[in-house]
Amino acid sequence: MSSTTSRMRAEIGEQPEALRRTIGALLPRVPEIGALAGETRQVLFIARGSSDNAAVYGRYLVESRAGRLGTLAAPSIATAYRRDLDLSGVLAVAISQSGKTEEIVETLDWAARCGARTVAVTNGAGSPLAEAAEVALVTDAGEELAVPATKTYTTQLAALAVLALGLGADADSGDLLRVPDEVARLIALTEASEQLPAIVEELAEVQGTVVSGRGIAFGTALELALKIKEACYLHAMGLSYADLLHGPIAVVDDRTPALLVAADSGPTLPGTIALARRVRGAGARAYGVGGGTGLAEACSRALPGPALPEWVAPLGLIVPGQLLVEALARRLGADPDVPRGLNKVTQTD
């Protein structure tokens, strides 16, 4: 692999401070969020791309910790079908790194017209999305130049953790405050690991992989799969391990390994470990990200995960995956900063 530092790698390294700034700015706004959401019963997340994967985390978080129904919006209902719905009692949360994606802004405006209260999560202060929302949770990631989202993604997760606290989540805000230092430790630990270059070399020889997690870690699996596709040009299927077991596991073989992600604790960890054993029993390789010693021992190779409780683990869990993708892209001769066919702001009809 080239020793040249990519912009993506530099921005991965900026995440501890970006998270520290974002959490410091947004945690004091928990009462404001609670006041806005007081008359709502459920949460509708509006997003695309990496932001949609953040929304999956948000959904599991508000359902498992705040006891509110969370759903993912279909923006085409607003922008293509132009059908109004009764959204009274709904908190609409639109997520966009730039705040400039017209479809997301239009869908948030539609939600407000349909009776929803509105929140924006964006890194774009003063952006159209921030201006459209009643409450704008503006992340402080700084400018992100590499096309693959890294620090804008993890700061979105931090904003959604604050949102969950505002919705009355059964969680300790002190866990969130520990995230920046833990991410810094995890970056150093992953790069010092002999497992990272070994996994890169083995993935460089395959056509694709399956990426799987469940529950609060499911969004991380989807995000890691997206990063592999966009930066490394490999086929990567992101699936809940429950869905994987319903048929797609047939694609896992000696040429299609599985990447399995999990927090170091929580109710989905035993199932992830069992899946790793099943994958290896079928003669395929299983690579773990997180999951503690239990998942590491069940896998062919493993990268460390964050020493954080499950509800905030995804803020660190994606980081070893980001480092893996950046190194794999360079190993394959691709530029991780500027994947072909992609722009920083994507507009959809």
(message) Please enumerate all residues that pass side chain to side chain contact (heavy atoms under 4.5 Å, CB included) together with Gln42, with sequence neighbours excluded.
(response) Leu69, Val90

(request) Would you check if there is a donor-acceptor pair between the side chains of Thr152 and Glu144 at a distance under 3.5 Å? (result) yes

(message) Looking at Glu223 and Lys227, is any side-chain nitrogen of the basic one under 4.0 Å from a carboxylate oxygen of the acidic one?
(response) yes

(message) Can you tell whether the side chains of Glu205 and Arg255 come within less than 4.0 Å, N to carboxylate O?
(response) no

(request) Determine which pairs satisfy salt bridge (Lys or Arg N to Asp or Glu O under 4.0 Å) with at least one residue from residues 61-73, sequence neighbours left out, and list them in order. (result) Arg59-Glu63

(message) Test of understanding: with salt bridge (Lys or Arg N to Asp or Glu O under 4.0 Å), list the residues that count as partners of Lys151, not counting sequence neighbours.
(response) Glu14

(request) Using the test side chain to side chain contact (heavy atoms under 4.5 Å, CB included), find all partners of Ala298 that sit at least two apart in sequence or belong to another chain. (result) Ile273, Ala276, Arg277

(request) Return yes if a side-chain donor-acceptor contact under 3.5 Å exists between Gln15 and Thr154, otherwise no. (result) yes

(message) Assess the residue pair Arg330 and Glu326 against the criterion (salt bridge (charged side-chain N to carboxylate O under 4.0 Å, His left out)); give the C-alpha distance rounded to whole Å, side-chain angles, the decisive distance to 0.1 Å, and a yes or no.
(response) CA-CA 6 Å; Arg330 291 190 292 111; Glu326 191 272 344; 2.7 Å; yes

Kindly list each side-chain donor-acceptor pair under 3.5 angstrom involving residues 158-179, sequence neighbours excluded, with atom names and distances?
unit_1	atom_1	unit_2	atom_2	d
Asp172	OD1	Gly174	N	2.8
Asp175	OD2	Trp311	NE1	2.9
Arg178	NH1	Ala307	O	3.4

(message) So, using salt bridge (Lys or Arg N to Asp or Glu O under 4.0 Å) as the criterion, who are the partners of Asp337 when residues are at least two apart?
(response) none

(request) Can you sort out the partners of Glu297 under salt bridge (Lys or Arg N to Asp or Glu O under 4.0 Å), two or more places apart, ordered by chain and number? (result) none

(message) According to salt bridge (Lys or Arg N to Asp or Glu O under 4.0 Å), does anything in residues 111-124 pair up with another residue at least two apart or in another chain? List the pairs.
(response) Glu39-Arg117, Arg117-Glu134

(message) Has Thr40 got a side-chain atom pairing as donor or acceptor with Ala37's backbone, closer than 3.5 angstrom?
(response) yes

(message) Can a donor-acceptor pair be found, under 3.5 Å and without considering hydrogens, that links the side chain of Thr122 to the backbone of Gly99?
(response) yes

(request) Indicate yes or no: at least one non-hydrogen side-chain atom of Leu303 is less than 4.5 angstrom from one of Tyr287. (result) no

(request) Side-chain contact test, heavy atoms from C-beta onward, threshold under 4.5 Å: evaluate it for Thr118 versus Val135 and give yes or no. (result) no

(request) Output all residues satisfying side chain to side chain contact (heavy atoms under 4.5 Å, CB included) with Pro306, sequence neighbours left out; order by chain, then residue number. (result) Glu182, Leu186, Leu308, Ala313, Leu317

(message) Under 4.0 Å between a side-chain nitrogen and a carboxylate oxygen: does that hold for Asp181 and Arg20?
(response) yes

(message) Going by side chain to side chain contact (heavy atoms under 4.5 Å, CB included), name the residues that satisfy it together with Leu222, two or more places apart in sequence or in a different chain.
(response) Asn53, Val56, Phe218

(request) Kindly write out the residues that satisfy side chain to side chain donor-acceptor pair (under 3.5 Å) with Thr139, not counting sequence neighbours, or none if the list is empty. (result) Asn123

(request) Output all residues satisfying side chain to side chain donor-acceptor pair (under 3.5 Å) with Arg9, sequence neighbours left out; order by chain, then residue number. (result) Glu191

(request) Before giving the answer on side chain to side chain contact (heavy atoms under 4.5 Å, CB included), spell out for Arg301 and Glu202 the whole-Å C-alpha distance, their side-chain angles and the decisive distance to 0.1 Å. (result) CA-CA 10 Å; Arg301 298 187 185 277; Glu202 291 175 7; 2.9 Å; yes

